Amino acid sequence: MSNNEKIRIENAVKVFNVYKQELRDSEEAQDDGSKAHVDKPAGLMDRNRHRRRSVRRTQLYALRDVSMSVHMGEVVLVIGPSGSGKSTLLRCINRLEELTDGSIWIDDICVSDAKTDIRKVREEVGMVFQSFNLFPHLDALDNIALAPIVVKKNDKPLARKKARALLKRVGLADKEHSYPAQLSGGQQQRVAIARALAMDPHIMLFDEPTSALDPEMIKEVLDVMLSLAEEGMTMLVVSHEMGFARAAAKRVIFMDEGEIIEEGPPEKLFVNPDQERTKRFLEHIL
Amino acid sequence: MAQNRIETSDATLIPKKGDRQLFSAWRISFFGAIGILIFLVVYKPDPFGRILLFIPDGIVKTFQVTVFAIMLALVIGLIAGLGRISRVRVINRVATVYVEVVRGIPLLVQIFYIYYALGRIVRIPDIASAVIAMSVCYGAYLAEIIRGGIQSIHPGQMEAALALGLSRSKAMRYVILPQTLKVILPPVGNEFIALLKDSSLVSILAVSDLLRRGREFASQTFLYFETLTVVALVYLILTLFFSWLVGLMEARLNRNVK
């Protein structure tokens with residue numbers, strides 16, 4: 001692989017098994033297995049209506065043959081309608097979801113290989129969630145210091161000192177003893193970013209970091225992300241924030257139904273996309 | 001104090017702490033029970049004063065059985081509760097079978113069983129077999145509460161911990177279990193109180209707990225009505241004391257939340 005590729009995804013396929021429990025007529029099960037009779041009560045004496053409970057497995061393709069790469073220091077934005085597989089793509093990179101087929105490489109480590117010690121990889125890949133997922137029983141400082149203390153075995157005063165510096169960096173120096181419930185959404189998300197940064201990651205994954213925020217709080221989070229991008233952090237961001245994309249992203253990837261439809265620089269993709277599907281999607285979100 | 005409270009909406013199901021008044025249900029029952037007991041002893045010291053002097057070592061025994069059983073039940077419950085959510089099938093099945101079997105047998109039968117069956121194999125003191133029986137039984141109830149508590153924590157918490165590089169067991173210890181504690185405290189408190197009351201079942205064995213001491217006194221004097229009144233009042237005072245303790249712990253754990 002070329003030496004400045006940070007993340008490489010090759011032919012990634014993710015299939016979710018969806019189990020549906022339903023009542024079926026045993027007779028009709030053979031021809032089409034339709035759910036048409038579910039609501040009809042079975043007659044007591046009606047012998048033809050033997051019903052059985054059956055669990056049907058359907059397969060949902062969240063990713064079908066996705067290949068892409070992110071270079072060192074690059075900021076890549078992933079957009080797409082809900083259910084298009086963007087979050088799944090992100091979650092496969094630090095193996096919160098197991099890939100069904102294909103492979104994902106971070107530097108020279110194959111993440112999708114079951115033998116890889118994923119914990120080592122996760123330490124170096126920070127992740128920020130849509131719903132923040134701060135630990136509610138710890139204050140802001142301990143939220144940030146927990147992983148360095150527990151995983152990296154840093155001693156507590158050192159980890160706290162570093163956590164304080166990180167809080168200052170995201171503009172929350174005065175909130176170190178506030179608990180998540182006492183912080184606004186924007187503040188919580190900034191603490192979450194600081195928490196991810198505390199592990200000194202090389203790569204940051206952002207899973208819709210501003211989607212759960214009030215409009216006036218979005219900017220404070222994006223500002224932190226922008227400053228990260230300026231420092232040369234490799235970032236893969238699932239987000240629909242056009243402003244952020246224009247300011248920081250080198251490439252935008254548009255996904256739909258588990259496939260990459262189109263990718264290109266933001267100026268091009270937002271203004272003059274090649275694909276009809278991209279155009280339609282952009283009309284909706286603009 | 002009341003001024004600082006934000007007005008709660010109609011949708012609030014339980015009155016908030018600030019809404020409790022001087023005559024709360026707990027105060028009425030607790031001080032009521034103590035008042036009645038004092039009244040009885042002062043008004044009729046002959047039977048009631050003598051009963052009260054006769055039973056204190058029963059109270060101590062009841063207390064001992066309860067406290068030891070709680071501690072052992074917590075250990076068993078935590079292990080079995082974690083076993084119930086284990087992804088290792090064998091552990092999971094063993095824990096589930098334990099819970100199902102123990103929950104399905106009456107505590108009294110279990111107490112007898114452990115006393116006689118275990119007593120055949122090893123010689124153990126009566127009080128120990130009582131504590132074992134109680135904690136095996138309540139361990140199963142606590143296991144279910146702990147399992148429910150762990151499962152009530154949002155999966156995003158585990159994900160966030162894993163994404164930071166924590167192992168599953170460390171995530172459990174530092175992230176999930178501390179949050180579980182707050183969720184399970186009220187039901188666990190209920191179990192403690194139930195355990196305290198059920199500890200009266202061990203009076204069947206030769207353990208001279210509160211109830212047994214009362215019955216000893218009554219069988220000597222034939223004052224069943226008076227004795228059982230005092231015994232009931234003492235149990236009530238003890239359980240209310242426990243529920244106050246649980247409330248105190250709850251308040252401590254809820255400090256951090258708005």
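Here the structure is a predicted model, which means the values were calculated and not measured. Quick note on labels: first sequence line is chain A, next is B, and so on, each numbered from 1.
- Here the straight-line distance linking atom CZ of A/R122 with atom CG of B/L164 works out to 10.5 Å at 0.5 Å rounding.
- Contacts between residues 78-100 of chain A and chain B, defined by a heavy-atom separation under 4.5 Å, are made by A/R91, A/N94, A/L96.
- The backbone N or O of B/L253 lies less than 3.5 Å from no partner atom in the side chain of A/H137, so there is not a single donor-acceptor pair.
- The 12-atom threshold is not exceeded at NZ of A/K120, counting heavy atoms of other residues, nucleotides or ligands nearer than 6.0 Å.
- Comparing A/L134, A/V151, A/V150 by heavy-atom pairs within less than 4.5 Å of chain B, the highest count is held by A/V150.
- A/F135 touches chain B through backbone and side chain together, each having a heavy atom under 4.5 Å away.
- Contact between A/E123 and B/G165 at its shortest, heavy atoms only, is CG-CA, 4.2 Å.
- Most heavy-atom pairs under 4.5 Å with chain A: of the set B/Q157, B/H154, B/K170, B/R173, this distinction falls to B/Q157.
- Interface residue A/V125: only backbone heavy atoms are found under 4.5 Å from chain B.
- Within a 6.0 Å radius of OH in A/Y61, no more than 12 heavy atoms belonging to other residues, nucleotides or ligands are found.
- At most 12 non-hydrogen atoms from other residues, nucleotides or ligands lie less than 6.0 angstrom from NZ of B/K197.
- Within the model, atoms CG of A/D207 and CD of B/E159 stand 9.0 Å from one another, a figure rounded to the nearest 0.5 Å.
- Within the 4.5 Å cutoff, no side-chain heavy atoms of B/L162 are placed close to those of A/I118.
- Open room surrounds CD on A/E216; 12 or fewer heavy atoms of other groups in view lie less than 6.0 Å from it.
- The OH atom of B/Y174 sits 9.0 Å away from atom CD1 of A/I149, with the distance rounded to the nearest 0.5 Å.
- Scanning for salt bridge (Lys or Arg N to Asp or Glu O under 4.0 Å) contacts around A/D142 gives A/R160, with sequence neighbours left out.
- The shortest non-hydrogen separation linking A/P136 to B/Q179 is CG-OE1, 3.2 Å.
- Within 6.0 Å of OH in B/Y113 there are 12 or fewer heavy atoms belonging to other residues, nucleotides or ligands.
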